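Bear in mind that the values here come from a model prediction, so they are computed numbers and not experimental data. Both backbone and side-chain heavy atoms feed into the values below; hydrogens, waters and symmetry mates do not.
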Amino acid sequence: MARRFVAAACVAAMAFALLAAPSSGQLDPHFYDMACPAALPTIRRVVEEAVAAEPRMGASLLRLHFHDCFVNGCDGSILLDDTPFFTGEKKASPNVNSVRGFDVIDRIKAAVNAACRGNVVSCADIVAVAARDSVVALGGPSYNVPLGRRDARTASQSAANNSIPAPTFSLDRLASSFASHGLSLQDLVVLSGGHTLGFSRCTNFRDRLYNETAALDSPLAASLRAVCPRATGGGDDNLAPLDPTPARFDGAYFASLLRRRGVLHSDQQLFAGGLGATDALVRFYAANPDAFRRDFAEAMVRMASLGPLTGASGEIRYDCRKVNYS
């Protein structure tokens, strides 16, 4: 990845970005319109190339954004490698051997820096836009991503361990986790619908597969056992799709929950077949895919606005994996 640019161009570009920063500290979808109009088209191009080469990457980039935002806000901290001064988020339990797409973010950063002729676009913004473009590339809705985040200068493994909801969570714990970030029960359901894309590792659904037989569709259980043996450690990284169409953004995820075909315990917790609020939402989105698309887009904007660094806070990293040093 190209890491060096003409010094004068960098200084000018960064100064322009600072002048363009909203004085209120609020994010703005048009943040880069003047500083670098090529930024968003460049991100889209690299994402489309990556997803075309491996459709699963779309789900991975979406998940990367979620795991970034749920730990001290959408600040790009998940991208940082460990240093002698901190142990970062990559090795936290929800992320290690699981979260991926870092190489795609590196390619995007290099391409954007070249297109902008300087270090103008933050890694945090790249992650947010890449998530949107991944959804669109797989047939999902587009939405205006609020922009102007700056990048964190540190990361915390313990914060990641404590902030990211686990696939074993009950409905109460899921709701509490989302509420702690200012997100509603509806946000919980509709953002969980992001599992219409992608796959899960065996280690994340083994307990459900062998200990929740009454709450899991029998034919699905039989097919999952073929890829996920009971013994811990055996096939931990084997993958199963989270819904029947893992490379297409649609309403199949919610239809699966109605049939007790949620792969993860946390997914099936959203639908117990009763009269609860999440049961009603799952039924509604299963029957109204257009409403799911609309509400998903709106919920993604809310999530993308969690705790951003703006103004003079943080920095814009030259390399998304490490902080800048003078």
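Side-chain atoms of Asp68 do not come within 3.5 Å of backbone N or O of Val127 as any donor-acceptor pair. Within the 3.5 Å criterion, the main-chain N or O of Glu89 finds a donor-acceptor partner in the side chain of Asn95. Not a single donor-acceptor pair under 3.5 Å links the side chain of Asp151 to the backbone N or O of Ile316. The backbone N or O of Arg230 lies less than 3.5 Å from a partner atom in the side chain of Tyr210, making a donor-acceptor pair. Between the side chain of Asp82 and the backbone N or O of Gly88, at least one donor-acceptor pair lies under 3.5 Å. Looking only at distances, no side-chain donor or acceptor of Asp279 sits under 3.5 Å from a matching main-chain atom of Phe271. Without hydrogens or angle criteria, His181 side chain to Ser177 main chain gives a donor-acceptor distance under 3.5 Å. Although no hydrogens or angles enter the test, the distance criterion places no donor-acceptor pair under 3.5 Å between the side chain of Arg63 and the main chain of Gly58. Distance alone, capped at 3.5 Å, places no donor-acceptor pair between the Asp187 side chain and the Ala299 backbone. In this structure, Asp217 contributes its side chain and Arg261 its backbone to no donor-acceptor pair below 3.5 Å.
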- request: Show your reasoning for whether side-chain contact (heavy atoms from CB on, under 4.5 Å) applies to Leu183 and Leu188.
  value: CA-CA 7 Å; Leu183 297 172; Leu188 164 62; over 6 Å; no

message: Using the rule given for side chain to side chain donor-acceptor pair (under 3.5 Å), can you reason through Ser158 versus Asn161, listing the C-alpha separation, both sets of side-chain angles and the distance that settles it, and then say yes or no?
response: CA-CA 5 Å; Ser158 61; Asn161 283 329; over 6 Å; no

- prompt: Step by step, would you call Arg100 with Glu54 a salt bridge (charged side-chain N to carboxylate O under 4.0 Å, His left out)?
  reply: CA-CA 12 Å; Arg100 58 197 294 270; Glu54 183 193 4; 2.8 Å; yes

query: Would Tyr253 and Val282 count as a side-chain contact (heavy atoms from CB on, under 4.5 Å) if you check the C-alpha gap in whole Å, the side-chain angles of each, and the deciding distance to 0.1 Å?
result: CA-CA 9 Å; Tyr253 168 82; Val282 169; over 6 Å; no

- request: Test Asp250 against Thr245 for side chain to side chain donor-acceptor pair (under 3.5 Å), laying out the working first.
  value: CA-CA 8 Å; Asp250 56 24; Thr245 55; 2.6 Å; yes

- prompt: Hey, mind stepping through Leu242 and Leu197 against side-chain contact (heavy atoms from CB on, under 4.5 Å) and telling me if it holds?
  reply: CA-CA 7 Å; Leu242 287 166; Leu197 302 175; over 6 Å; no

field: Criterion side-chain contact (heavy atoms from CB on, under 4.5 Å) on Val227 and Leu239, from CA distance to verdict
entry: CA-CA 7 Å; Val227 298; Leu239 299 173; over 6 Å; no

task: Walk me through it: do His195 and Asp243 pass the test side chain to side chain donor-acceptor pair (under 3.5 Å)?
output: CA-CA 7 Å; His195 285 173; Asp243 85 353; over 6 Å; no

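The nearest pair of heavy atoms linking Val301 to Asn144 is CG2-O, 3.7 Å. Closest heavy-atom contact between Ala214 and Arg260: O-NH1, 3.2 Å. Closest approach of Leu79 and Cys123 over heavy atoms only: CD1-CB, 3.7 Å. Pro29 and Leu147 get closest at one heavy-atom pair: O-CD1, 3.5 Å. When all heavy atoms are compared, the tightest approach of Cys36 to Val120 is CB-CG1, 4.4 Å. Closest heavy-atom contact between Asn324 and Arg317: OD1-CA, 3.4 Å.
Phe199 and Leu64 end up in different hydrophobic clusters when Ile, Leu, Val, Met, Phe, Trp and Tyr side chains are linked at under 4.5 Å. In this structure, Leu257 is not a member of the same hydrophobic cluster as Val263, with clusters built from ILVMFWY side-chain heavy atoms closer than 4.5 Å. Val189 is connected to Phe178 through a chain of hydrophobic side-chain contacts under 4.5 Å among Ile, Leu, Val, Met, Phe, Trp and Tyr, so both are in one cluster. In the hydrophobic cluster analysis, where Ile, Leu, Val, Met, Phe, Trp and Tyr join through side-chain heavy atoms closer than 4.5 angstrom, Val136 is grouped apart from Leu191. When the side chains of ILVMFWY residues are joined at heavy-atom separations under 4.5 Å, either directly or via intervening members, Val51 and Phe66 end up in a single hydrophobic cluster.
Between Leu220 and Ser223, the closest side-chain pair of non-hydrogen atoms falls below 4.5 Å. Taking the side chain as every heavy atom from C-beta outward, Val47 and Ile108 approach each other to under 4.5 Å. The side-chain heavy atoms of Val121 and Ile126, taken from C-beta on, include a pair separated by under 4.5 Å. Glu48 has its side chain out of reach of Asp133: every pair of non-hydrogen atoms, C-beta onward, lies at least 4.5 Å apart. Within the 4.5 Å cutoff, the side chain of Val71 has no heavy atoms near those of the Ile78 side chain. A heavy-atom distance below 4.5 Å is not found between the side chains of Phe31 and Pro146. Residues Arg56 and Pro246 have side chains not in contact (no heavy-atom distance under 4.5 Å, counting atoms from C-beta outward). No side-chain heavy atom of Asn162 sits under 4.5 Å from any side-chain heavy atom of Gln157.
Qualifying side chain to side chain contact (heavy atoms under 4.5 Å, CB included) partners for Arg321, counting only residues two or more places apart in sequence or in other chains: Asp81, Lys90, Phe102, Asp106, Asp319.
Between Arg150 and Ser313, the side chains place no donor N or O within less than 3.5 Å of an acceptor N or O (distance only, hydrogens not considered). A donor and an acceptor atom, one from each side chain of Tyr318 and Asn113, are nowhere located under 3.5 Å apart. In summary, the side chains of Asp172 and Ser170 do not present any donor paired with an acceptor at a separation below 3.5 Å, with no hydrogens or angles considered. Remark: the Lys109 side chain and the Asn119 side chain contain an N/O donor-acceptor pair separated by less than 3.5 Å. A donor-acceptor pair shorter than 3.5 Å cannot be found between the side chains of Asp207 and His265.
Atom CD in Gln268 sits 11.5 Å away from atom CG in Leu171 (nearest 0.5 Å). Between the SG atom in Cys202 and the CG atom in Leu209 there is a gap of 7.5 Å [rounded to 0.5 Å]. The OG atom of Ser122 sits 10.5 Å away from atom CD of Glu315, with the distance rounded to the nearest 0.5 Å. For the atom pair Gln186 CD and Leu281 CG, the distance stands at 5.5 Å (nearest 0.5 Å).
Considering Asp267, Leu216, Leu224 in turn, Leu224 is the only one that fulfils the side chain to side chain contact (heavy atoms under 4.5 Å, CB included) rule with Phe205.
Arg173 forms a cation-pi arrangement with Phe169, by the criterion of a distance under 6.0 Å to the ring centre and an angle within 45° of the ring axis.
Taking the six-membered ring for Trp and thresholds of 30 and 60 degrees, Phe249 and Phe292 have nearly parallel ring planes, at less than 30 degrees apart.
When the shell of 6.0 Å around CG of Asp103 is examined, it contains more than 12 heavy atoms from other residues, nucleotides or ligands.
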